[in-house]
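A quick write-up on the structure given underneath.
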Amino acid sequence: KAARRVASHCVELIARGADKQAPLDNFDSFSAMIANKMATAVGAICGSPPHVFHAAVEAVSFAQLTKIMSGPFSHAMITIGPQSVPVLVSFESSAAFLLLDQAFGGSGTIPENLPKPLPASATLMISQMQVLINRALLSAFNCPPEQSSLRTLPGKSSPFAARAMLATAQFGLHSEGGREWHIRLTMEQAKIGDLPGKGGPVDIEDSADAQTSRAHSPFSAPFSSIPLGLRAVLVDAEISLAKVSRLKPGQVLPVSVSRN
């Protein structure tokens, strides 16, 4: 009896499926590197590098991302590397007030109820943070500035397709004696492999548009240009309705002004 031939299956049938955990593991290893660069970058506002740690990277659905987008965060979309890989940066809005208070010598007080809309000073602080996080990503992946772009996003607009499989990494930051606050990076799992190679020789502190690591003051940018409303009252007097009714254009009202 002739021996039966051993079955020979095509490679497509016997090859192992893609490891679904691999993109998350890659993003997790990138996050450890980003945390180190983030500490140096954020130190330009805090005055000294804060302690930065990152939680394990998680897979999130579009619905979960929508919930994050509607929370108390300010969002920006950063593209990084020669393939313009999109990364969503979510910055805890209340931290803007903490950083502002610390930057001008306070302990990091946050208002009980955040004002809506945010004041110009908080908006400027958030913009500065987004620039610094962009700089941290450039340094982490050893990319020149021309391989990056940054744009602020409205609170509830998702930059990803509804069916995209996403991964998110949350970073906790705190300075000496300050409250912990958070930054979240989210990206498509399918794009994680397109991130540029690890690197890091880009000097965050000495880059051309870097803000000084000294404590901020009302005399230095960006806060020196904040417009403030000024109202001056020279005199406060009473006048009868009858006199007001007889007023004509150009008429002068005599008032008494105290010399004190």
Side-chain angles (χ1 to χ4, degrees), residues 18-42 50 52-96 99 118 123 125-143 147-174 180-198:
D19 184 357
K20 293 184 179 180
Q21 186 63 29
L24 300 182
D25 290 341
N26 289 339
F27 194 19
D28 192 64
S29 66
F30 285 142
S31 297
M33 176 178 58
I34 292 169
N36 181 49
K37 300 297 182 180
M38 193 179 287
T40 305
V42 176
V52 181
F53 66 92
H54 79 282
V57 171
E58 297 178 311
V60 293
S61 65
F62 183 81
Q64 290 171 313
L65 175 66
T66 303
K67 188 175 181 181
I68 294 171
M69 294 287 290
S70 62
F73 284 85
S74 300
H75 307 279
M77 177 57 78
I78 292 174
T79 61
I80 192 81
Q83 298 193 52
S84 299
V85 180
V87 181
L88 175 68
V89 178
S90 303
F91 174 75
E92 192 174 1
S93 299
S94 60
L99 293 172
L118 294 176
T123 302
M125 178 60 79
I126 290 171
S127 296
Q128 289 292 297
M129 280 300 306
Q130 291 170 349
V131 169
L132 291 172
I133 298 307
N134 183 36
R135 192 170 297 136
L137 292 175
L138 285 172
S139 181
F141 294 110
N142 192 20
C143 292
Q147 289 185 358
S148 175
S149 68
L150 186 155
R151 62 186 175 92
T152 302
L153 295 177
K156 296 183 180 180
S157 65
S158 172
F160 302 112
R163 297 193 177 188
M165 298 297 294
L166 307 170
T168 187
Q170 179 166 284
F171 298 83
L173 302 89
H174 70 85
E180 182 180 304
W181 49 281
H182 302 94
I183 294 173
R184 186 184 290 270
L185 302 182
T186 305
M187 62 182 302
E188 291 184 53
Q189 293 186 33
K191 299 285 187 181
I192 293 174
D194 294 334
L195 287 168
K198 298 181 182 181

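The structure presented is a predicted model; accordingly, all values stated were derived computationally and were not measured.
- How far NE2 of H174 is from CZ of F53: 7.0 Å, rounded to the nearest 0.5 Å.
- Residue L118 comes nearest to T123 through the heavy atom pair O-OG1, 3.8 Å, listed as atom of the first residue, atom of the second, then distance.
- Of the inter-residue distances, the one linking T79 atom OG1 with K191 atom NZ reads 11.5 Å to the nearest 0.5 angstrom.
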(message) Under the criterion side-chain contact (heavy atoms from CB on, under 4.5 Å), I'd like the reasoning laid out for I192 against V85: C-alpha separation, chi angles, the key distance, then a yes or no.
(response) CA-CA 8 Å; I192 293 174; V85 180; over 6 Å; no
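- To the nearest 0.5 Å, the span separating NE2 on H75 from CD on Q130 amounts to 10.0 Å.
- With rounding to the nearest 0.5 angstrom, the CG atom of L150 is 8.5 Å from the OG atom of S127.
- A donor-acceptor pair is defined here as one N or O able to donate and one able to accept, closer than 3.5 Å; such a pair exists between the side chain of S29 and the backbone of N26.
- Between F141 and M33, some side-chain heavy-atom pair lies under the 4.5 Å cut-off.
- Looking at Q147, its side chain never comes within 3.5 Å of a backbone N or O of I80 through a donor-acceptor pair.
- In this structure, H54 and F171 have tilted ring planes: the angle between them lies in the 30° to 60° band.
- Interatomic distance, F73 CZ to I126 CD1, rounded to the nearest 0.5 Å: 11.5 Å.
- Here the side chain of Q64 pairs a donor or acceptor atom with the backbone of S61 at under 3.5 angstrom.
- Heavy atoms only, all atoms of each residue included: A169 and V57 are closest at CB-CG2, 3.9 Å.
- Smallest separation of non-hydrogen atoms from Q170 and H182: NE2-CD2, 3.6 Å.
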(request) Could you walk me through whether M77 and F160 pass side-chain contact (heavy atoms from CB on, under 4.5 Å), step by step? (result) CA-CA 10 Å; M77 177 57 78; F160 302 112; 4.1 Å; yes
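- A distance-only check finds no donor-acceptor pair linking the side chain of S139 to the backbone of R135 [under 3.5 Å].
- Shown here for P196 and C143, the closest heavy-atom pair between the two residues is CG-SG, 3.4 Å.
- Taking 4.5 Å as the limit, some side-chain heavy atom of L99 sits within range of a side-chain heavy atom of M129.
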(request) Take L88 and L166, measure what side-chain contact (heavy atoms from CB on, under 4.5 Å) needs, and give me the verdict at the end. (result) CA-CA 11 Å; L88 175 68; L166 307 170; over 6 Å; no
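- With contacts defined as side-chain heavy-atom distances shorter than 4.5 Å, the pair I78/L137 qualifies.
- Taken from CG in L132 to CZ in F91, the straight-line distance is 9.5 Å, to the nearest 0.5 Å.
- For S148 against L138, the heavy-atom pair with the smallest separation is CB-CD2, 3.6 Å.
- Considering every non-hydrogen atom in both S93 and S74, the closest pair reads OG-OG, 3.0 Å.
- In this structure, the side chains of L185 and V89 come closer than 4.5 Å at one or more pairs of heavy atoms.
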(request) Apply the test side-chain contact (heavy atoms from CB on, under 4.5 Å) to residues M187 and L195: give CA-CA distance (whole Å), side-chain angles for both, the deciding distance (0.1 Å), then the verdict. (result) CA-CA 11 Å; M187 62 182 302; L195 287 168; 4.0 Å; yes
